[in-house]
Amino acid sequence: MKDKNIIFEKSNNCISSYSFNIEKNEKDILNNIPQSLLNDNLSFMPDVSEGDVARHFIRLSNRNYGVDTGFYPLGSCTMKYNPKINEKVAGNPDFANIHPYSSTERVQGVLEVLYKCREALVEITGMDEIDLSPCAGAHGELTGLYIIKAYFKNKKEERPIILVPDSAHGTNPASASVAGFKVVSVKSDADGFVDIDDLKQKVSKDVACFMLTNPNTLGLYEKNLDQIVKICHDLDIQLYYDGANLNAILGISKPGETGFDVVHLNLHKSFATPHGGGGPGAGPVGVKKHLIDFLPGENVVYKNNKYSLEKRGSLSIGKVRSFYANFSVVLKSYVYIVSLGKEGFSKLGLLALLNANYLGVLLKEYFDIATKPHIMHEFVISLQKECDETHLTVMDFAKRILDYGYHAPTVSFPLIVHSCLMVEPTETESKETLDKFAEILIKILEESKTNPDLLKNSPVNTPIKRVDDVMAARTPVLKYSKDE
Amino acid sequence: MTYFPHSETDIKEMLSVIGKKNLEELESPIPAKYIVKTLNLPSQKTELEVNQYFDKLANKNKNYSTILAGAGSYYHYIPSTVDELTGRQEFYTAYTPYQAEISQGTLQAIFEYQTYIANLTGMDVSNASMYDGGTALAEACVIAINSTRKNKILVDKYVNPEYLEVLKTYMGALKVEIVIFESNPFKLDVEAFKKIWNAEFCGFVVASPNFCGSVIDYTGIVDIVKKDKRLVIQSVSEAMSLSVLKTPGDMGADLACGEAQSFGMPLSFGGPYLGFLTCKKEHLRKMPGRIVGQTKDSDGNIVYTLTLTAREQHIRRELATSNICSNHGLCATRASVYLSTVGGKGLRTCGLANIEKSHYLYEEISKLAKFKVEKSQIFFNEFVVSTDIAYDKISKKLEENGILSFLPLAKFYSSLSNYYLICATEMTTKEEIDNLVAILGSL
C-alpha cells in the first residue's frame, strides 16, 4: 500500500533541483575513489521543488500537536511551556556554529554556560557535583548506575542487584539491565508507597542501589523516605533519584539533602527545553562527594580566569557519549534558569502542586483518584470500574479526550493501577484551562454511560481516525518502497 | 521572566477549592526539615536582560573564520528550510508520538527518515534515531552480542576514538571483552585479519570512512566473518559520505551505525547530534528504541504509528533490547527536512563537492616540501598529513589566522605522532584552501 502523500511519491524531477557547485564533471571527481567503493546512484531520493518541500512539512506539522497547540497533561512527562527566548539564544550562530575541537580560548562563552549551568544545578539539587554529558533521562540513569558499579568495584565489592519499585518507569529496570545488573522489584503498599517490609526483606550486601522516583509515578511523596534512606545506607546501598518527577519539588526541596547519592535530571522536562517529538533532551547526573571521582568523561573547570575541559581521573567510568554534552539543550535550560531566577524557582514547584491538586479536587467527586492521600504534581485516575461497567477500554477514554482538542494523559501507567490515566498539568497552565479540562473529562464520563459508541469510535475530530496498531505490528512496513 | 499564567485571585480561589490556606500547605507531604527557603541563585531577569546576558556570553566565543576540521563533527551547509520547518512548534514542542491520531507529523517525518537512512546504508530497517555515533555503535554491538551469545568483539583500531571510548564504557559493564584489531589507517589487511579472527568474537566493527578519513574496502573479510555466522558492523562517522560511497549493506555489513549530524545539525559544540542504527531484517526484533511503522486508520487511510514496542523498556522493562526512551527525534526530523530539500541531486552534488574540495586541498598540500600526504589514501572529505614541523608552531600560526585545522592524531594514536587530520567540505572555498596552503608554505 502506497501513501500518495509521502515525500518519495512527490518526486517529479522538477527543473529547480537543489544543487551544490562543482567544477569538474561527476565522472572526473569520482575517479578519486575506486569504482568498487562507490554506489550506483541515489535514485530512491526524491527531487522536489523547495516550495513543495515546504508545503509537505507544513502539512505534516498541521497533523501534529505541540504544547503551543494546547493542554498536554502527560503524566511524568512535565509538558510545560517552552519559552521562545530559549530557542532564540540557542540559535545564535556564536553558540551554534562551534566545533567541539575548537581551542579553549575560542570557546570561553560555551564553557562558561556549561560551568554556570552545572553550578546552578548543584544548588537546585543539593548534590555535590553534576555532570552534563548524558543525552536523555534513561542515559542519565545508565550513567548513574555505571558510577555506582565503579564505586563498588573500587571497594572490591560484588553487588549484582538493583532494587526497583514496581511503580517505577520502565527505563529503571532496563537501564539496570544494560548496566549489567540483575533487577529485583520492590512492592508498593496499598496506598502506593514503598512497602517497607518488602524492602527490608530484599536489601542485603548484594544490592548496589535502590532506584526511587520521588514523588513516585502515582504522584505520592514517599512518606517513609527517612526510613528508606536509613535501611539502604546502613548497608551502603546507594540511593538513586530518578528526576522524571523533579518538577514537584523544584525550588521546594533538594534530593541531595534528603539522602540521595545519585540524581539524574531531565532538562527537557523540569527545565523547559522542548521534547522535539521524542528528543533530544539532556539527562545530567548529580552525585554526592564519595562518587565524584567516578563521573564520566570530562569536567568543566575554572582556573586563573579561564574555563577549560579537563579529563577526569583514573577512576572515571569513561565516556558515555561522543564529545561533551547536548550543548544546545543545556544552554536552553540555562536560559530558563537565568530567566526565572530565585524568585521564579520559589513559585515554580508550588504552582505545579497547586495545579495538580486543584484539578484533582475538581475530578475526585466523579472519578476514582488512585493517588491518596496527598497529591503532589500529578495524580492517577483509575477507570477500572467504568471500563468494567461499559466494556470500554481506557484507550477509548483517552482517544475521546483528543476529540475535545487536548492531548491525552499518560495511558495505562503506572502498571500497579489498572486502566489508569496519569495526569500532570504543570505550572504553566491557567485555572481556566484546568476548569475546562475537568469539564470535558466529566462530560466524557457521562458520554461513556449514555453513548459509549462515541468513545469506542473516537477520535473523529482529529486529522486521522483510530490507528490500527495490531496491523502495524503484524505486518511491519518500516520504510517506503517504490515497488510495493 | 516567568511563565506562570495565574493571577493572585486565581491562586486564592484554587486554594479555597482545595481547602488550603496558602501554597505552602501543599508542601505538607515533605518533612519541614527538607523545605528550602530560597535557592541561592541570581535574581529573576526580564527577557531583555536575559537576551543581553546571553549576547554577552555568545560574544565571548571567538569562532574560526575557516573550519578545515572534521573528526566526527562536520561543517556542512544547512539549507534554510531546515530551521524554518523544524522550528514549527507542532514539531519541536511535541512529545514522543504516543497518540498517533494527533502525531502524524512527527510519525511520518520519522518514517521518511527511516526510509532515507535505511536506503543510504543499504539496510532493511532503521530505528527512529539514537543519541549519537558513539552510543549507536554501543547499541549495535549489543545486538551482535545478543544474537550470537558471544562475549567478545573485534574492533578496528581506527574506529572514531570518541565512539571507542563510549563502547568501552558500555561493554565494560556487560563484561564484554573488546579486542582491538591493530590495523593500518589506510587499508584493511585481510591476512592480518585472518590471523586474529575466530568464532569466539560476536562480530567485527569496521569504520569507513575511518577516523583518518580513509574509505576502507573490507569486502575481503565479510565471508570470513559470515562463515562463522558472526556479524559485520560498519560504523560511519560521516554520513555525508553515503552520498557517493557504496552502502554498508552492499559492502556486506549486517548492521550500520554512526553519526548523521551532517544532515542538518549545526556543530553546536558536539551535540545534540543524530545517531543512526540500521540492520538487515533478521535483526529487527533485536533493534533498540522507537520504530515507526505504516498502518491504516479506521477509515482505511494510510497512517503511521510507533510499532514493535514489545522490544522496548516501557513494555519489557529489564528484558528490553535497550533502555533508550527519549531519542534524538527532532534531529531525525531535521534530517528528513534536509534530505527532502536537497533531494537526490543536491545530496549527490554535495558529496561530489566534498570530494573535489578535499582532493584539491590534498593536491596542494602534497606540493609543499615540508608536508607529506599518504599517496595510497582513498578518502571522501578528510585525510592525513604528516610533517616534522612542531605542532605548537603550526597551531599558533593557524590560530592567529582564525583557521581550525590540523587535528593532531598523536592525541589518539601514539604511533601517529607528527600526523594530522584535515577536512574540507562543500563549505570550503578555494580562497580558504589557497590561504591555508600559503600559510603552511611559510612555516
Side-chain angles (χ1 to χ4, degrees), chain A residues 3 17-20 42 44-45 47 57 60-61 63-68 89 94 96 98 100 106 108-109 135-136 138 170 173-175 177 180 183 221 274 276-280 318-319 322-323 326-327 339 341-344 350 353 358 374 430-431 462 464-467 471-472 477 479-480, chain B residues 1-2 5 10 14 23 26 29 34 41 43-44 54 57-58 60-62 85 88-90 92-94 96 100-102 104-106 115 119 131 134 162 165 169 173 266 269-272 293-295 297-298 302 307 313-314 317-318 320 323 325-326 328-330 342-346 349 353:
Chain A
D3 182 355
S17 285
Y18 202 95
S19 70
F20 291 87
L42 297 173
F44 78 91
M45 293 271 293
D47 275 300
F57 284 99
L60 291 189
S61 73
R63 292 156 73 84
N64 235 28
Y65 187 98
V67 172
D68 293 352
V89 170
D94 283 335
I98 294 179
R106 288 181 179 268
Q108 288 298 299
C135 303
S175 296
S177 212
V183 178
Y221 190 92
K319 293 196 76 134
S322 319
F323 306 114
N326 276 0
F327 172 69
S339 300
K342 61 181 169 207
E343 297 84 357
L350 289 175
L353 300 185
Y358 177 70
H374 288 287
S430 66
K431 174 174 175 293
T462 47
I464 61 163
K465 299 287 172 56
R466 185 88 64 106
V467 163
M471 177 182 175
V477 178
K479 64 173 190 178
Y480 165 86
Chain B
M1 186 74 186
T2 58
D10 289 339
M14 292 165 84
L23 286 171
L26 295 167
Y34 295 134
L41 292 174
S43 272
Q44 187 175 308
F54 282 96
L57 272 177
K60 291 185 183 178
N61 295 322
K62 303 278 170 263
L85 296 172
R88 295 276 294 190
Q89 71 81 20
E90 294 87 343
Y92 82 80
T93 76
T96 300
E101 293 81 1
I102 53 171
Q104 286 300 296
T106 296
T115 303
N119 281 311
Y131 308 133
E162 298 260 353
E165 284 199 45
T169 308
F269 197 63
Q294 197 178 58
T295 184
D297 73 355
S298 55
I302 296 174
T307 193
Q313 46 78 28
H314 60 287
R317 297 174 79 84
E318 64 267 28
N323 69 326
C325 181
S326 287
H328 279 192
L330 194 68
V342 301
K345 286 174 191 154
T349 49

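So that the names make sense, note that chain A is the first sequence line, chain B the second, and so on, each numbered from 1. Below, all heavy atoms of this structure are taken into account, side chains as well, without hydrogens, waters or symmetry copies.
- Take B/K62 and apply the salt bridge (charged side-chain N to carboxylate O under 4.0 Å, His left out) test, not counting sequence neighbours, and it matches no residue.
- Rounded to the nearest 0.5 angstrom, A/D68 CG and B/E90 CD are separated by 8.0 Å.
- You'll find the side chain of B/Q44 stays beyond 4.5 Å of the side chain of A/S339, heavy atoms only.
- The candidate with the highest count of non-hydrogen atom pairs below 4.5 Å against chain A, out of B/Q104, B/Q89, B/M1, is B/Q89.
- When the candidates A/D94, A/L353, A/I464 are compared by the number of heavy-atom contacts under 4.5 Å with chain B, A/I464 comes out ahead.
- In terms of heavy atoms, A/A174 sits closest to B/A320 at CB-CB, 4.4 Å.
- Chain B forms the most heavy-atom pairs under 4.5 Å with one residue out of A/G341, A/G66, A/G278, and that residue is A/G278.
- When the candidates A/G344, A/S19, A/S322, A/C135 are compared by the number of heavy-atom contacts under 4.5 Å with chain B, A/S322 comes out ahead.
- Counting heavy-atom pairs closer than 4.5 Å to chain A, the top-ranked of the candidates B/S298, B/A353, B/C325 is B/S298.
- Residues B/E101 and A/V467 have side chains in contact (heavy-atom distance under 4.5 Å, counting atoms from C-beta outward).
- Of the listed residues B/E165, B/H314, B/K60, B/E162, the one with more heavy-atom pairs under 4.5 angstrom with chain A than any other is B/E162.
- Ranked by non-hydrogen atom pairs under 4.5 Å with chain A, the options B/L26, B/N323, B/T106, B/T349 are led by B/N323.
- Of the listed residues (A/S430, A/A96, A/S61), the greatest number of heavy-atom pairs within a distance under 4.5 Å of chain B belongs to A/S61.
- Top candidate by heavy-atom pairs under 4.5 Å with chain B, chosen from A/R63, A/M45, A/R106, is A/R106.
- When side chains are defined from C-beta on, B/R317 does not count as touching A/V183, because their heavy atoms never get closer than 4.5 Å.
- Taking B/T307, B/T115, B/L23 one by one and counting their heavy-atom pairs under 4.5 Å with chain A, the maximum is reached by B/T115.
- Put simply, of A/G277, A/A138, A/S17, A/S175, the one with the most heavy-atom pairs under 4.5 Å next to chain B is A/G277.
- Looking only at heavy-atom pairs under 4.5 Å with chain A, the residue among B/L41, B/I102, B/L57 that has the most is B/I102.
- For the pair B/T169 (side chain) and A/K319 (backbone), a donor-acceptor distance under 3.5 Å is present.
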